[in-house]
Asker: 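Next up is a structure, given as structure tokens.
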Amino acid sequence: MADWTVTGLGWHDGVPRLSATDWRREHAREITAGLRIGWRVSGPRRCTGVRSSRGNRRCPYREEVAPEGGTSQCESCQRADPGLALARDRILDDGRTYRLYLAWFGAGLLKVGLTGEHRGIARLLDQAAPVFTFVGRGRLPAVRRAELTVAQAGLARERVRSSVKSAAWWGLAEVADRRAELLACRREVLPLLAGHGIELLPDGPLVDQVALFGLAGGAPAAYRKVTALSPGATLVGTVRPAIGSHLFIDPQGPGEHPDDQPLLLDTRLLAGWALAAADDVRRCTGLGLRDCVRPPDPGEQDALF
């Protein structure tokens, strides 16, 4: 990839793609399991502007944003972003059809949300939902009211933090158990939504994405989470299957240096940085890192005493 500004990783047609722009055209690269990467970051990290159906519009102020921040937009561009306007309820109705979904992220971690029907399942891939199902469809105001009704009833939450999602990867339930929990939630939700002015989907399929995300065996028992990048930082290694916007990266090839723990990179931290190929670099450098270790199983802990 040339020295362009990263705008983010998103799922398109079921494939994760990392996008970048030189503000004249955009480039997207598929990020698939087994891909060897060698990237050098240069900065400062700047606002990625406003995303629309016509692509990214450059930030007029070229504002700098915090290296460790989860957002790559300045406040001005956030206010002008149509996607954020929808998420923050500043768009009341855009004439499109929306779908209401229930997603399972772990034991007791159920989320309710909405997505444009034209987007298919892209939002559930972006969010790294291990299992999900659609429960209704309709115009935005009615679907939004249904979402609030489910959340206020305490059946599912509107938001699940990224850190909570990744912590749950260590202990994902078996297939039958995670399906059963989602089905039980749907059975409670459907009667609650009668009369909400949306078309209910009582028999929508349950879509399980655990294998797609490479989580059938859970997350690595120990890894280092990237918390920030700095100018001149390098990322070198082999990527595992993308999990929403997250990538596990083996710093060397599998088996080359077994003492090197995998890195977990939230690719949202890449957005706003300039990225260039670094074929001459052999080590990851310039990264803020935090150690993450699988907590002991309560049953195993009790057995020690």
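All values reported here derive from a predicted model rather than from experimental measurement.
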Asker: Rounded to the nearest 0.5 Å, how far apart are NZ of Lys225 and CZ of Phe248?
Answerer: 10.0 Å
Asker: With a 4.5 Å cut-off on side-chain heavy atoms, are Tyr98 and Glu147 touching?
Answerer: no
Asker: Is the closest side-chain heavy-atom distance between Leu100 and Val112 below 4.5 Å?
Answerer: yes
Asker: Give a yes or no answer on whether the side chain of Thr48 reaches the backbone of Thr7 with a donor-acceptor pair at less than 3.5 Å.
Answerer: no
Asker: Taking all atoms of both residues into account, what is the closest heavy-atom pair of Pro130 and Phe105, and its distance?
Answerer: CD-CD2, 3.6 Å
Asker: For the hydrophobic clusters of this structure (ILVMFWY residues joined by side-chain heavy atoms under 4.5 Å, transitively), does one cluster hold both Leu102 and Leu192?
Answerer: yes
Asker: Carefully, step by step, assess Thr238 and Ile249 under the rule side-chain contact (heavy atoms from CB on, under 4.5 Å).
Answerer: CA-CA 5 Å; Thr238 304; Ile249 302 171; over 6 Å; no
Asker: Would you say the side-chain atoms of Trp4 pair up with the backbone N or O of Ala276, donor to acceptor, closer than 3.5 Å?
Answerer: no
Asker: Walk me through it: do Arg283 and Asp260 pass the test side-chain contact (heavy atoms from CB on, under 4.5 Å)?
Answerer: CA-CA 11 Å; Arg283 304 290 296 178; Asp260 279 337; 3.1 Å; yes
Asker: Below 4.5 Å, heavy atoms only, C-beta onward: do Leu201 and Val135 meet side chain to side chain?
Answerer: no
Asker: Looking at Glu26, I'd like to know if its CD atom is crowded, meaning that more than 12 non-hydrogen atoms belonging to other residues, nucleotides or ligands lie closer than 6.0 Å.
Answerer: yes
Asker: Quick one about Ser166 and His246 (side-chain donor to acceptor, distance below 3.5 Å, no hydrogens or angles considered), yes or no?
Answerer: no
Asker: Minimum heavy-atom separation for Pro60 to Cys77, with atom names?
Answerer: CD-SG, 4.4 Å
Asker: Between Lys111 and Glu158, is there a donor-acceptor pair closer than 3.5 Å when you use the side chain of the first and the backbone of the second?
Answerer: yes
Asker: Does the side chain of Thr133 come under 3.5 Å of the side chain of Arg186 through a donor N or O and an acceptor N or O?
Answerer: yes
Asker: What is the minimum heavy-atom distance between Cys185 and Leu110, and which atoms define it?
Answerer: CB-CD1, 3.9 Å
Asker: Where is the tightest heavy-atom contact between Val50 and Asp81, given as atom of each residue plus distance?
Answerer: CG1-CA, 3.8 Å
Asker: Has Arg17 got more than 12 heavy atoms of other residues, nucleotides or ligands less than 6.0 Å from its CZ?
Answerer: yes
Asker: Taking a hydrophobic cluster as the set of Ile, Leu, Val, Met, Phe, Trp and Tyr residues connected by side-chain heavy atoms closer than 4.5 Å, whether directly or through intermediates, do Leu183 and Trp104 fall within one such cluster?
Answerer: yes
Asker: Looking only at the side chains, is there a donor atom on one of Asp266 and Ser245 sitting less than 3.5 Å from an acceptor on the other?
Answerer: yes
Asker: Hey, is the main chain of Ala278 close enough, under 3.5 Å, to the side chain of Arg40 for a donor-acceptor pair?
Answerer: no
Asker: Please say yes or no: joined through hydrophobic side-chain contacts below 4.5 Å, possibly via intermediate residues, are Val131 and Leu190 part of one cluster?
Answerer: yes
Asker: Is any NZ, NE, NH1 or NH2 atom of the basic residue among Asp208 and Arg179 found under 4.0 Å from an Asp or Glu carboxylate oxygen of the other?
Answerer: no
Asker: Ignoring hydrogens, what is the shortest heavy-atom contact between Ala222 and Pro262? Give both atom names and the distance.
Answerer: O-CD, 3.6 Å
Asker: Measure the CD-SG distance between Glu64 and Cys59 for me, rounded to the nearest 0.5 Å.
Answerer: 11.0 Å
Asker: Determine whether Ile37 and Leu247 make a side-chain contact, defined as any pair of heavy atoms from C-beta on separated by less than 4.5 Å.
Answerer: no
Asker: Rounded to the nearest 0.5 Å, what's the gap from CZ on Arg290 to CG on Leu264? Could you check?
Answerer: 9.5 Å
Asker: Taking atom CG of Asp280 as the centre, does the number of heavy atoms from other residues, nucleotides or ligands within less than 6.0 Å exceed 12?
Answerer: yes
Asker: Do any N or O atoms from the side chain of Glu199 and from the backbone of Arg137 form a donor-acceptor pair under 3.5 angstrom?
Answerer: no
Asker: Nearest 0.5 angstrom please: Glu68 CD to Arg45 CZ, how far?
Answerer: 8.5 Å
Asker: Measuring from atom CG of Asp291 to atom CZ of Arg224, what distance do you get when rounded to the nearest 0.5 angstrom?
Answerer: 7.0 Å
Asker: Which of these passes side chain to side chain contact (heavy atoms under 4.5 Å, CB included) with Phe134: Leu114, Leu124, Leu206, Val207?
Answerer: Leu124
Asker: Quick check against the 3.5 Å criterion: does Trp170 have a side-chain atom that pairs as donor or acceptor with the backbone of Gly218?
Answerer: no
Asker: To the closest 0.5 Å, what do you measure between CD (Gln261) and CG (Leu263)?
Answerer: 9.0 Å
Asker: Kindly give the heavy-atom pair with the smallest separation between Ser72 and Gly272, and that separation in Å.
Answerer: CB-N, 4.5 Å
Asker: Do Trp273 and Trp39 have side chains that get closer than 4.5 Å, going by heavy atoms?
Answerer: no
Asker: Assess whether side-chain contact (heavy atoms from CB on, under 4.5 Å) is satisfied between Thr5 and Arg58, documenting all intermediate values.
Answerer: CA-CA 11 Å; Thr5 299; Arg58 192 171 194 168; over 6 Å; no
Asker: Between the main-chain N or O of Asp93 and the side-chain N or O of Arg96, is there a donor-acceptor pair closer than 3.5 Å?
Answerer: no
Asker: Is there side-chain contact between Arg29 and Leu35, with at least one heavy-atom pair below 4.5 Å?
Answerer: yes
Asker: Quick one: does Glu63's side chain have a donor or acceptor within less than 3.5 Å of a partner on Cys47's backbone?
Answerer: no
Asker: Just by distance, do the side chain of Asp177 and the backbone of Ala180 share a donor-acceptor pair under 3.5 Å?
Answerer: no
Asker: Any link between Leu148 and Leu155 through a network of hydrophobic side chains (Ile, Leu, Val, Met, Phe, Trp, Tyr) touching at under 4.5 Å?
Answerer: no
Asker: Kindly work out whether a path of hydrophobic side-chain contacts (I/L/V/M/F/W/Y, heavy atoms less than 4.5 Å apart) joins Val160 to Val150.
Answerer: no
Asker: Cut-off 3.5 Å, side chains only: do Thr234 and Thr285 have a donor facing an acceptor?
Answerer: yes
Asker: Does the pair Asp250/Arg240 count as a salt bridge with the N-to-O cut at 4.0 Å?
Answerer: yes
Asker: Any side-chain heavy atom of Leu235 within less than 4.5 Å of one from Leu270?
Answerer: yes
Asker: Check whether any side-chain heavy atom of Tyr101 sits under 4.5 Å from a side-chain heavy atom of Arg123, and report yes or no.
Answerer: yes
